A.B. asks: 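Below you will find the structure I want to go over with you.
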Amino acid sequence: MPKQHHESQPQSQTDTTSVDDIPTEVYRSELPGILGSIDMGISRLESILLATGVLLMALNTIANVIGRFVFQSSIFFSEELNRVLVILITFAGISYAARHGRHIRMSAIYDAMPSSARKPLMIGITLITAVFMLGLAWYSAQYIVTLYGRGRVLPSLQIPVWLIYVWAPVGFFMTGLQYILTAIKNMLEKDIYLSTNVLEGYDDDEIEV
């Protein structure tokens, strides 16, 4: 009889379509020491932001529909609130996608390279991506400072405009950290990782073309 494996294995995939479902179990970082703590902290923050954003958007939309069709009166700030939540979900989502190796990858050159060259290339890719993400975090933070100086507020919610864009530098910064952790993971492990918990490779039912 074939040997059954009961231990959980890291998720393996090569592109954004190889696995349709994100694992639902509680995330556990495999990085050592303080790196694992940072990884877990980012994961918890992502989960809180995404769950809160999606839940509030759903409740806001449902309440607005009920108000419009039952009470003939829409919630006056509903559109602005959804705009705030879309920005929150988007920029928390880029870090979440990086954690699960779900970002689009152009891998034609990478797949054509010998296995011995893939690991240094993956380390280089993740580090360069981290630099770009942290650079975008810096420039978006400067934009927030500019908005703060202008003192603009949203017409309905009457909150400063800069507050709704503050999630951009936060999201870029968390994504940059995630790619740095992925580079470190590849330096520490023999296998190649797309993220801190996603192995590079093909699933058993996939065929490389």
Side-chain angles (χ1 to χ4, degrees), residues 16 21-24 26-27 29 37-105 126-183 194-198:
T16 57
D21 298 324
I22 294 293
T24 55
V26 177
Y27 178 78
S29 177
S37 300
I38 294 173
D39 194 23
M40 290 289 292
I42 296 174
S43 176
R44 292 193 185 97
L45 182 58
E46 291 167 355
S47 300
I48 292 171
L49 293 177
L50 288 172
T52 302
V54 171
L55 181 60
L56 288 178
M57 181 178 289
L59 292 174
N60 178 51
T61 303
I62 292 171
N64 193 44
V65 170
I66 293 174
R68 182 182 303 167
F69 290 99
V70 177
F71 302 105
Q72 285 75 49
S73 177
S74 298
I75 301 175
F76 70 95
F77 58 81
S78 180
E79 182 178 351
E80 285 186 357
L81 180 57
N82 272 352
R83 189 172 74 176
V84 173
L85 294 173
V86 165
I87 295 172
L88 167 62
I89 293 169
T90 298
F91 287 101
I94 60 174
S95 178
Y96 182 87
R99 172 180 306 283
H100 294 281
R102 305 293 290 188
H103 282 298
I104 295 173
R105 300 172 61 228
T126 51
L127 288 176
I128 291 172
T129 305
V131 169
F132 275 100
M133 291 297 103
L134 295 177
L136 288 172
W138 168 259
Y139 282 111
S140 58
Q142 298 305 303
Y143 180 65
I144 298 298
V145 173
T146 301
L147 289 177
Y148 178 81
R150 292 175 180 173
R152 294 171 52 195
V153 297
L154 295 175
S156 299
L157 291 174
Q158 289 297 302
I159 62 175
V161 171
W162 69 269
L163 280 177
I164 73 173
Y165 293 109
V166 76
W167 303 113
V170 172
F172 283 131
F173 182 74
M174 291 195 304
T175 306
L177 287 182
Q178 186 61 44
Y179 278 110
I180 290 174
L181 293 174
T182 301
L194 299 179
S195 70
T196 54
N197 70 326
V198 179

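Note that the structure is a prediction, hence the values are computed from the model and not measured.
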A.B. asks: Does the side chain of Val54 come within less than 4.5 Å of Met57's, by heavy atoms?
C.D. replies: no
A.B. asks: Given Gln142 and Thr146, is the side chain to side chain contact (heavy atoms under 4.5 Å, CB included) satisfied, shown in steps?
C.D. replies: CA-CA 6 Å; Gln142 298 305 303; Thr146 301; 5.6 Å; no
A.B. asks: Under the side chain to side chain contact (heavy atoms under 4.5 Å, CB included) rule, collect the residues that match up with Leu127, sequence neighbours excluded.
C.D. replies: Ile123, Ala183, Met187
A.B. asks: I'd like to check the side chain to side chain donor-acceptor pair (under 3.5 Å) partners of Arg152; sequence neighbours left out, ordered by chain and number.
C.D. replies: none
A.B. asks: Rounded to the nearest 0.5 Å, what separation is found between the CD1 atom of Ile42 and the OH atom of Tyr96?
C.D. replies: 14.5 Å
A.B. asks: I'd like a table of donor-acceptor pairs (distance under 3.5 Å, sequence neighbours excluded) in which one partner is a side-chain atom from residues 45-52, with atom names and distances.
C.D. replies:
unit_1 : atom_1 : unit_2 : atom_2 : d
Glu46  : OE1    : Arg99  : NE     : 2.9
Glu46  : OE2    : Ser95  : OG     : 2.3
Ser47  : OG     : Ser43  : O      : 3.0
Thr52  : OG1    : Ile48  : O      : 2.7

A.B. asks: What pairs with Ser195 under side chain to side chain donor-acceptor pair (under 3.5 Å), at least two apart in sequence or on another chain?
C.D. replies: Asn197
A.B. asks: Below 3.5 Å, can you tabulate the donor-acceptor pairs from side chains in residues 160-169 to any protein atom, sequence neighbours excluded?
C.D. replies:
none

A.B. asks: Minimum heavy-atom separation for Gly176 to Ala130, with atom names?
C.D. replies: O-CB, 3.5 Å
A.B. asks: Do Leu134 and Phe172 have side chains that approach each other closer than 4.5 Å (heavy atoms only, starting at C-beta)?
C.D. replies: no
A.B. asks: Got a list of side-chain donor-acceptor pairs under 3.5 Å for residues 78-91, not counting sequence neighbours?
C.D. replies:
unit_1 : atom_1 : unit_2 : atom_2 : d
Ser78  : OG     : Asn60  : OD1    : 3.4
Ser78  : OG     : Asn60  : ND2    : 3.1
Glu80  : OE1    : Ser156 : N      : 3.2
Glu80  : OE1    : Leu157 : N      : 3.0
Glu80  : OE2    : Ser156 : N      : 3.1
Asn82  : OD1    : Asn60  : ND2    : 2.9
Asn82  : ND2    : Thr61  : OG1    : 3.4
Thr90  : OG1    : Val86  : O      : 2.7

A.B. asks: For a 4.5 angstrom cut-off between non-hydrogen side-chain atoms, does Leu194 reach His103?
C.D. replies: no
